[in-house]
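In what follows, a structure is listed as structure tokens, so that the remarks can point back to it.
Being a predicted model, the structure only gives us computed values, none of them experimental. So that the names make sense, note that chain A is the first sequence line, chain B the second, and so on, each numbered from 1.
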Number of protein chains: 2
Amino acid sequence: MANLTIKDIAKICGVGTSTVSRAINDDPGINPATKERILRVVEEFHYVPNNAARNLKLTENNAIGVLVKGLNNQFFLSMFRIFEEELGKQGYTFVLKEMASDQDEATVAEALIKEKRLKGIIFMGGMIENPDVTLKRLDIPYVLCTVAVNANVRHSASVSIDDEKESFRIVDYLCSLGHKRIAIITGRKNDYAVGGLRLDGYKRALADYGIPYDANLVGYMKDDIPDFTAKNGYTVMKELLESRVDFTAVYAISDLTAFGAYKAISEAGKKIPDDYSVVGFDGIDLTEYMTPSLTTMAQPKEELAKATVKMLMQEIDGVETEKKVVFDAEFIERDSVKKI
Amino acid sequence: MANLTIKDIAKICGVGTSTVSRAINDDPGINPATKERILRVVEEFHYVPNNAARNLKLTENNAIGVLVKGLNNQFFLSMFRIFEEELGKQGYTFVLKEMASDQDEATVAEALIKEKRLKGIIFMGGMIENPDVTLKRLDIPYVLCTVAVNANVRHSASVSIDDEKESFRIVDYLCSLGHKRIAIITGRKNDYAVGGLRLDGYKRALADYGIPYDANLVGYMKDDIPDFTAKNGYTVMKELLESRVDFTAVYAISDLTAFGAYKAISEAGKKIPDDYSVVGFDGIDLTEYMTPSLTTMAQPKEELAKATVKMLMQEIDGVETEKKVVFDAEFIERDSVKKI
DNA sequence: TACTTCATTGGTAACGTTTCCTATCAACTT
DNA sequence: AAGTTGATAGGAAACGTTACCAATGAAGTA
């Protein structure tokens, strides 16, 4: 039961350790017959190379980190499986790390990189002011997956949707249906990120329709409740409802938030979509089974995740590549919105 | 930027490598003053020990594995953060691995243990027939967290709730309210696990009230849809509704399943709880914001998770300990059930 | 035949730690 | 003063790999 080493295998096969090493690593310069013989022994004795030793020797670890801001966001969770699967195919392992929203990504990343000897890193969620400069000191490849950035990013690889644009589409759709008073539940007030981007799209669509922007119609998520949760959506929606401002539609910046809004609306004795139309964002599985089913802007999770690891692999391999990949989101019309 | 080694630090401080090692590991036999001095240099130069080298030397890795069957279950997800946090405190890292429901836990575990040089392992979900014998060949400590087992487990550490008992409580409650025709949406037909346990409790409560068991009232989750999901609940509920068997209450074995059931009921033009009472199981956050809010049996996630790592730590340290910890679930009465 | 080439192979020095063992030296003991 | 203790320190071997280099021998060439 004691763990075998490469030396044991070498002895059993009557060859040198380097030969065994060559066999198990698919290295060239070995007689196919010998290789075959060694591999059989390896199989038979259940030999597994010691990763620590390998990493030590190679001075690298086949691990990539996933740094997430806002792990509670449903939407991210569904992407991890894809990350694990895709990275696994390439022989990588993945280390998940959550960071608080007030932590600095570069600092956390740097610590994690050293500690886990990461080969690459994926950032998810939140906002990184100016990744080109902030992340410059990281000495490994990274890619930003659905993180908000300021414009003019040139050197940082990123994959995401165009939050402002897709947000515009939603509000544009609402307007086209005749809605003029549209409330929005957006992110925390002092936390730009996707909340800010989506709010921008909202404003632009309104302007496009010549509808004046009314600050009373925007509800910011509460700082003291985890953001992007049903609870936060519920709380903000309730306030909106009680504030007695007039509106016919609510655009919740995430599906879970919309879910909470449903509750508040129902408690107020109002009906969706008759009294209020509501639309969400992200496209999590749940939305299909809400009553009424939620109209939402679905992010292409799988494409996003796959593109992210592909991009990271290319960065690691030093392949010159497109730095910014933007996918289209898919607008799913369901039963939570009505024409006015 | 190149990574420093212990030798560099030693040179800078003008001491030997062993002294540095002693300093950073809080080992005894070092002059506090020297230690202080070394630690300051370590800090200043951002030295981080190479884990690979450390693991190689120690022939062990401070990693523990979490093997999950049914990662899609909402409920598990909320426990990972606690695992990460608690394990982190003890200086452990955690490796998450999902396994398909038809994979053998012992085999998967064994491979993972060798590959990642795990020091301990946590199993979550699914069913392990007879862990005492099946898992005997694992040569590291493990604990079963919310996995269904056959009775008579003596040597395997486990923490969970008593699924049969809590399930009994639910149905007992329903009966006490006058319900006599109670449908249940349980796990897959050929997959015992918690589904079986909870079904057992259902049967016992019925018997207790002298209500005959009616196979027409039990809906099994579909094999071709991920289990414990809203979609599966929706599908099964719809069938139940269309089968025209008569019932006044539905007990869904998981909250997400209940969520799907809500949809099917609403589509059939029926009302909760007026036409059908429904109750869920697990107590995920969402339930509070469903309309009507869902009566459910909440598992004490935090206690479960904390007890699991505590137990594992004790097993690793060779502390003689209670082998089986069972927590009570908390029944949360909300608005989805009415008296008949 | 003697020389070169080529495909295989084994030996061994790293990789960066930890830990055992030995060395130093000051402070006590007698 | 000589011997003993105890605290602190450094040297070096080991952990299991990989990769460089040299060695072997068969086959091909002149």
(Q) At less than 4.0 Å, is any side-chain N or O atom of B/R54 found next to OP1 or OP2 of C/dG16? Yes or no. (A) no

Q: Give a yes/no answer on whether the side chain of B/Y47 brings an N or O atom under 4.0 Å of OP1 or OP2 in C/dG16.
A: no

Q) So, are A/E36 and A/R40 salt-bridged, with charged N and O less than 4.0 Å apart? A) yes

Q) Are the charged groups of A/K310 and A/E86 less than 4.0 angstrom apart, N to O? A) no

Hey, does [X] reach any base, or is it just sugar-phosphate, or nothing, if we go heavy atoms under 4.0 Å?
X	value
A/L56	base
B/N25	sugar-phosphate
A/T34	sugar-phosphate

Spacing of [X] atom [atom1] relative to [N] atom [atom2], expressed in whole Å:
X	N	atom1	atom2	value
B/D26	C/dT17	CG	P	17 Å
A/N50	D/dT18	CG	C1'	13 Å
A/I6	C/dC15	CD1	C1'	15 Å
B/D27	C/dC20	CG	C1'	13 Å
A/L4	D/dC15	CG	P	14 Å
B/R37	D/dA9	CZ	P	8 Å
A/K11	C/dG10	NZ	P	14 Å
A/I24	D/dT17	CD1	P	7 Å

Q.
Assuming nearest nucleotide by heavy-atom distance, tell me which of A/K35 and A/T17 is located more 5' along DNA chain C.
A. A/K35

Can you identify which nucleotide, out of [options], has its nearest atom closest to the [X] side chain?
X	options	answer
A/R22	D/dC20, D/dA19, D/dT17	D/dC20
B/N31	D/dC15, C/dT9, D/dT8	D/dT8
B/T5	C/dG16, D/dG10, D/dG16	C/dG16
B/T19	C/dT17, D/dG10, D/dT17	D/dG10

**Q.** Presence of donor-acceptor pair under 3.5 Å, side chain of A/K57 and base of D/dT18
**A.** yes

Q. If you take atom types as modelled and just measure distance, does the side chain of A/S18 reach the base of C/dG11 with a donor-acceptor pair under 3.5 Å?
A. yes

Q.
Let me spell it out: for each of B/L58 and B/V15, pick the nucleotide of DNA chain D with the closest heavy atom. Which residue's pick is nearer the 5' end?
A. B/V15

Q: Take A/F228 and A/V194 through the test side-chain contact (heavy atoms from CB on, under 4.5 Å) and record every step on the way to the result.
A: CA-CA 11 Å; A/F228 295 93; A/V194 285; 3.9 Å; yes

Q: Would you please test A/V309 and A/F94 for side-chain contact (heavy atoms from CB on, under 4.5 Å) and show each step?
A: CA-CA 11 Å; A/V309 341; A/F94 101 81; over 6 Å; no

**Q.** B/N31 side chain to B/R22 side chain, donor-acceptor N/O pair below 3.5 angstrom
**A.** no

Q. Run the side-chain contact (heavy atoms from CB on, under 4.5 Å) check on B/K323 and B/H155 step by step: do they pass?
A. CA-CA 7 Å; B/K323 283 294 185 188; B/H155 305 303; 5.5 Å; no

